[in-house]
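Have a look at the structure below before the remarks.
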Amino acid sequence: MGAVCACVVVAGCGTTATGARREGPAPSATLKAQSSAAPAIAADPAALATMVRKDSSVSEDVREDLTPCVGDDYPMDTDAGNLTSGDGPDLVINVTTCGDGLGVAAYVYRMIDGKYKNVFADEQPPVYGSVEDGRLEIIHEVYKTDDPVSYPTGQESITYAWRGNRFVEVARAYSDFDARTPNVSPEPTSTSPVPLPKSDPLDPGVPSWEVSSPTVTDSPSQAPVAGAGTAAPHSPGG
């Protein structure tokens, strides 16, 4: 890929492709709406940020900077899905910058016995993580030293699968946005399992989504309809 590097520059920019080059900062195909199976904490940005700040395996800089941008709007994006066959949906957390949404770090939290444990960390910005067909996809925008932040030179996509008790890289590809016809080019993958972060299990601090127990009434006409009273999870703001 020549003399290229991944970098983060705080500046305003859009996300619409222009010409043969994709605009930054976040790959639009990666960050998506919450799944209906998202755990309760995904709908509580404050609890989510508190959990990440309590995680000693997260870098000190990320923990210190994880504060609301405006009001209760925390600089995070989340995704959920079955990546590790844990006790509930795995949670992918992207920590971003305020305003322009540049990806600062990506983490995967696995639920075991009602607590979350950090099982993946990528703190090499700009980075974005998502659940894709039961696997973890990590995207890195790539820049030459003179590239403006809104126009990266390319994009590297890395796919991980859970094997045994950790993630293993199973695919890697690079897209050159400068090419006349940008194509995804496969690249060699690493054969070494991804190191596990040294993280202690963390209490999410919020209850799980559960069906509410129906209220027993004396009158059959007042009996609750099946399924009524069930709170549906909702997505957190940006």
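- Contact of the Gln155 side chain with the His140 side chain is not registered, since no non-hydrogen atoms from C-beta on lie closer than 4.5 Å.
- Taken together through direct or relayed side-chain contacts under 4.5 Å among Ile, Leu, Val, Met, Phe, Trp and Tyr, Val168 and Tyr160 form parts of separate hydrophobic clusters.
- Within the 3.5 Å criterion, the main-chain N or O of Ile93 finds no donor-acceptor partner in the side chain of Thr78.
- Within the 4.5 Å cutoff, side-chain heavy atoms of Thr96 are placed close to those of Pro75.
- Put simply, the side chain of Asn94 gets close to the backbone of Gly129: a donor and an acceptor are under 3.5 Å apart.
- Annotation: Asp72, atom CG; neighbour count of heavy atoms from other residues, nucleotides and ligands within 6.0 Å does not exceed 12.
- Side-chain contact annotation: Thr159 with Glu169, donor-acceptor N/O pair under 3.5 Å absent.
- Counting all heavy atoms, side chain and backbone alike, Pro204 lies closest to Gly114 at CD-O, 3.4 Å.
- Contact between Asn82 and Asp90 at its shortest, heavy atoms only, is C-OD2, 3.6 Å.
- The distance from the OH atom of Tyr143 to the OG1 atom of Thr145 is 13.5 Å, given to the nearest 0.5 Å.
- Side chains of Asp55 and Ser199: a donor-acceptor N/O pair is present below 3.5 angstrom, by distance only.
- Between Asp200 and Lys117 the shortest heavy-atom distance is N-NZ, 4.4 Å.
- The closest side-chain heavy-atom distance from Arg135 to Asp133 is not below 4.5 Å.
- Using a 4.5 Å heavy-atom threshold, the side chains of Val95 and Tyr74 count as separate.
- With hydrogens and angles disregarded, no donor-acceptor distance shorter than 3.5 Å links the side chain of Arg166 to the backbone of Pro195.
- The side-chain heavy atoms of Asn118 and Leu196, taken from C-beta on, include no pair separated by under 4.5 Å.
- Considering every non-hydrogen atom in both Leu91 and Pro39, the closest pair reads CD1-CG, 4.0 Å.
- For the residue pair Tyr107/Glu123, the side-chain donor-acceptor check at 3.5 Å is satisfied.
- Atom CG in Asp87 sits 10.5 Å away from atom OH in Tyr116 (nearest 0.5 Å).
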What verdict does the side chain to side chain contact (heavy atoms under 4.5 Å, CB included) test give for Leu83 and Phe167, after you've listed the backbone C-alpha separation in whole Å, the side-chain angles of each residue and the deciding distance to 0.1 Å? CA-CA 9 Å; Leu83 293 173; Phe167 283 103; 4.2 Å; yes
Stepwise side chain to side chain contact (heavy atoms under 4.5 Å, CB included) check, Leu136 with Val108: CA-CA 9 Å; Leu136 172 65; Val108 177; 3.7 Å; yes
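- With rounding to the nearest 0.5 angstrom, the CZ atom of Arg172 is 3.5 Å from the CD1 atom of Ile158.
- Between Leu66 and Met76, the closest side-chain pair of non-hydrogen atoms falls below 4.5 Å.
- Expressed to the nearest 0.5 Å, how far OG of Ser56 lies from NZ of Lys198 amounts to 10.5 Å.
- Ser130 OG to Asp77 CG: the interatomic distance, rounded to the nearest 0.5 Å, is 11.0 Å.
- Contact of the Asp203 side chain with the Met51 side chain is not registered, since no non-hydrogen atoms from C-beta on lie closer than 4.5 Å.
- Formation of a donor-acceptor pair under 3.5 Å by the Arg53 side chain with backbone atoms of Glu64 is not found in this model.
- Looking at heavy atoms from C-beta onward, Phe177 lies in side-chain contact with Pro152 at the 4.5 angstrom threshold.
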List the steps and the verdict of side chain to side chain contact (heavy atoms under 4.5 Å, CB included) for Lys115 and Leu202. CA-CA 5 Å; Lys115 294 187 176 182; Leu202 300 161; 5.8 Å; no
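- Rounded to the nearest 0.5 angstrom, Glu156 CD and Ile139 CD1 are separated by 9.0 Å.
- Shortest non-hydrogen contact noted between Arg110 and Ser85 is NH2-O, 3.7 Å.
- For Ala38 against Ala42, the heavy-atom pair with the smallest separation is CB-CB, 4.1 Å.
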Is there a side chain to side chain contact (heavy atoms under 4.5 Å, CB included) between Val52 and Val58 once you walk through the steps? CA-CA 7 Å; Val52 174; Val58 173; 4.1 Å; yes
